[in-house]
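Every heavy atom of this structure was used, including side-chain atoms; hydrogens, water molecules and symmetry mates were not. Numbers restart at 1 for each chain; the letters A, B, ... are given by sequence-line order, proteins then strands.
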2 protein chains.
Amino acid sequence: MTIARAAAGSGTPRGRRPGRSPGDHRERAILATAERLLRHRAFADISIDDLARGAGISRPTFYFYFPSKDAVLLTLLDRVTEEADAAAAGVLDRVAEDPPARWRELIRRFHDTFGAHRAVAVACAQVRGTNAEVRDLWAAVLERWVRCTEAAIEAERRRGAAPDGLPARALAIALNSMNERVLYATLAGDGPAVAEADVVDVLLDVWLAAIYRGAAPPPA
Amino acid sequence: MTIARAAAGSGTPRGRRPGRSPGDHRERAILATAERLLRHRAFADISIDDLARGAGISRPTFYFYFPSKDAVLLTLLDRVTEEADAAAAGVLDRVAEDPPARWRELIRRFHDTFGAHRAVAVACAQVRGTNAEVRDLWAAVLERWVRCTEAAIEAERRRGAAPDGLPARALAIALNSMNERVLYATLAGDGPAVAEADVVDVLLDVWLAAIYRGAAPPPA
DNA sequence: CCGGCTATCAACACCGTGTCGAGAATCTCG
DNA sequence: CGAGATTCTCGACACGGTGTTGATAGCCGG
């Protein structure tokens with residue numbers, strides 16, 4: 001299964017045609033300001049006024065481009081998850097060629113993508129608690145990844161590389177949830193965390209143990 | 001290692017002597033109101049006025065008992081984690097007697113405790129993003145559990161029941177993080193989740209695979 | 001050159017938080 | 001008992017952030 005986006009689109013929020021208009025420039029400026037401020041301040045500590053001023057407009061004008069502060073973050077999240085999807089695309093289709101290397105590649109790419117946008121990732125994790133749209137978007141993204149993982153585990157089982165055991169879906173949920181939480185703790189430095197240099201290998205180790213049960217998986 | 005609380009105390013917030021005073025009654029009323037309202041509304045949607053009215057006092061009077069809305073939740077969280085600590089206490093000291101049963105018992109007790117107070121648990125998870133005190137308290141609690149897990153894994157390795165591999169601390173962090181996230185998703189019904197009836201066994205399965213690597217652990 | 005779309009902002013209404021200062025109720029001890 | 005401290009209470013206020021309204025300015029096509 002290849003990761004494919006379900007046209008979550010959400011393109012330009014207001015009724016302007018996409019392309020080269022003065023308003024398009026402003027919209028980008030707001031998004032850039034948000035990502036910039038997020039590097040030094042928590043999302044809750046950034047006001048709409050900060051975003052507007054950073055983009056060189058007044059607060060009411062902000063509302064011409066986005067319906068709320070949360071919508072800005074949602075757009076940012078959408079971009080990042082799109083990037084992560086692209087980075088992960090196809091990796092799992094070739095798991096059998098060299099299982100440990102492929103699984104590692106998958107985990108590493110997620111780590112790299114979210115590491116490159118950690119300000120956005122951290123802000124989304126923080127806001128997910130209070131904002132239903134962010135929560136739902138993230139849930140949908142995670143669901144896609146869970147399904148990919150599930151399909152790959154089942155494929156490994158079919159070719160006899162992985163033993164049966166837990167339902168593939170339950171296992172896929174547990175492993176992806178672990179990755180989310182561990183990666184977040186590492187990137188945000190929040191709570192007990194694994195060192196950033198080790199985190200990919202630690203996660204990989206648990207994935208392989210849970211999927212293959214100690215038996216070294218044979219390449220196809 | 002037995003779980004022991006580090007006297008996080010935080011007892012009565014204002015300068016009253018603990019015991020049977022009219023103010024003590026009010027304080028309990030506020031806490032009870034918070035836990036009750038949390039069952040039907042998100043924490044962010046509950047105002048200090050709601051809490052005050054629920055406890056039969058005015059908003060300014062609320063501030064006599066708690067410095068903020070978040071402080072109420074913090075007190076609630078402190079209670080629940082205390083309960084979880086008590087439930088988990090000692091279980092890991094006897095892992096070797098019957099490893100699968102003991103590890104399962106540990107996971108099940110956490111599940112039961114947080115399941116019994118899911119409104120508080122869910123609210124804390126949501127607020128952790130924006131409130132440093134809740135985040136820090138939770139981080140400290142998790143750190144204790146990680147250390148217990150770590151010690152138990154090392155003990156299993158010393159007696160030859162578990163093979164060497166990942167540093168015990170890294171493994172303990174990964175597994176506890178997985179539990180936190182998966183349990184939260186299940187209790188809150190947020191995102192891809194394992195059915196509540198299965199969640200303990202799913203988590204246990206990954207723990208055993210990661211710790212013992214497919215080799216059935218011998219009892220002492 | 002006019003009607004409609006894009007874009008802008010000052011001013012306003014609203015809501016929740018937290019503080020202040022003035023009290024009432026209760027307790028303590030000479 | 002009653003004077004002084006302490007516990008407890010709330011009306012009224014100041015503040016800061018959100019989202020809306022209505023008026024206005026540029027711009028582009030017909």
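Distance from the side chain of B/P60 is smallest for C/dC20 among the nucleotides C/dA10, C/dC20, D/dT7. The side chain of A/K69 sits closest to D/dT18 out of D/dT18, D/dT7, C/dT19. When the nucleotides D/dT20, C/dT17, D/dG19 are ranked by their closest atom to the side chain of B/S47, C/dT17 comes out on top.
When the P atom of C/dT17 is taken as reference, atom CZ of B/R53 falls 13 Å away, rounded to whole Å. Atom P of nucleotide C/dC15 and atom CG of B/D45 are separated by 15 Å, given to the nearest angstrom. Nucleotide D/dG19 holds its P atom 13 Å from the CG atom of A/D49, rounded to whole Å. Rounded to whole Å, atom C1' of C/dG18 lies 7 Å from atom CZ of B/R59. Here D/dG16 presents its P atom at 13 Å from CG of A/D50, a figure rounded to the nearest Å. If you measure from atom CZ of B/F64 to atom P of C/dA24, you get 17 Å, rounded to the nearest angstrom. Between B/I46 atom CD1 and C/dC15 atom P the separation is 19 Å, expressed in whole Å. With rounding to whole Å, B/F62 atom CZ is found 18 Å from D/dG11 atom C1'.
By the 4.0 Å N-to-carboxylate-O rule, A/R147 lies close enough to A/E143 to be salt-bridged with it.
The aromatic rings of B/W145 and B/F114 stand perpendicular to each other, their planes meeting at an angle above 60°, with 30° marking the opposite boundary.
In this structure, A/R53 CZ and A/T33 OG1 are separated by 12.5 Å, a value rounded to the nearest 0.5 Å.
Taking 4.5 Å as the limit, every side-chain heavy atom of A/E180 sits out of range of all side-chain heavy atoms of A/N176.
Distances shown here put a side-chain N or O of A/T61 below 4.0 Å from the OP1 or OP2 atom of C/dC9.
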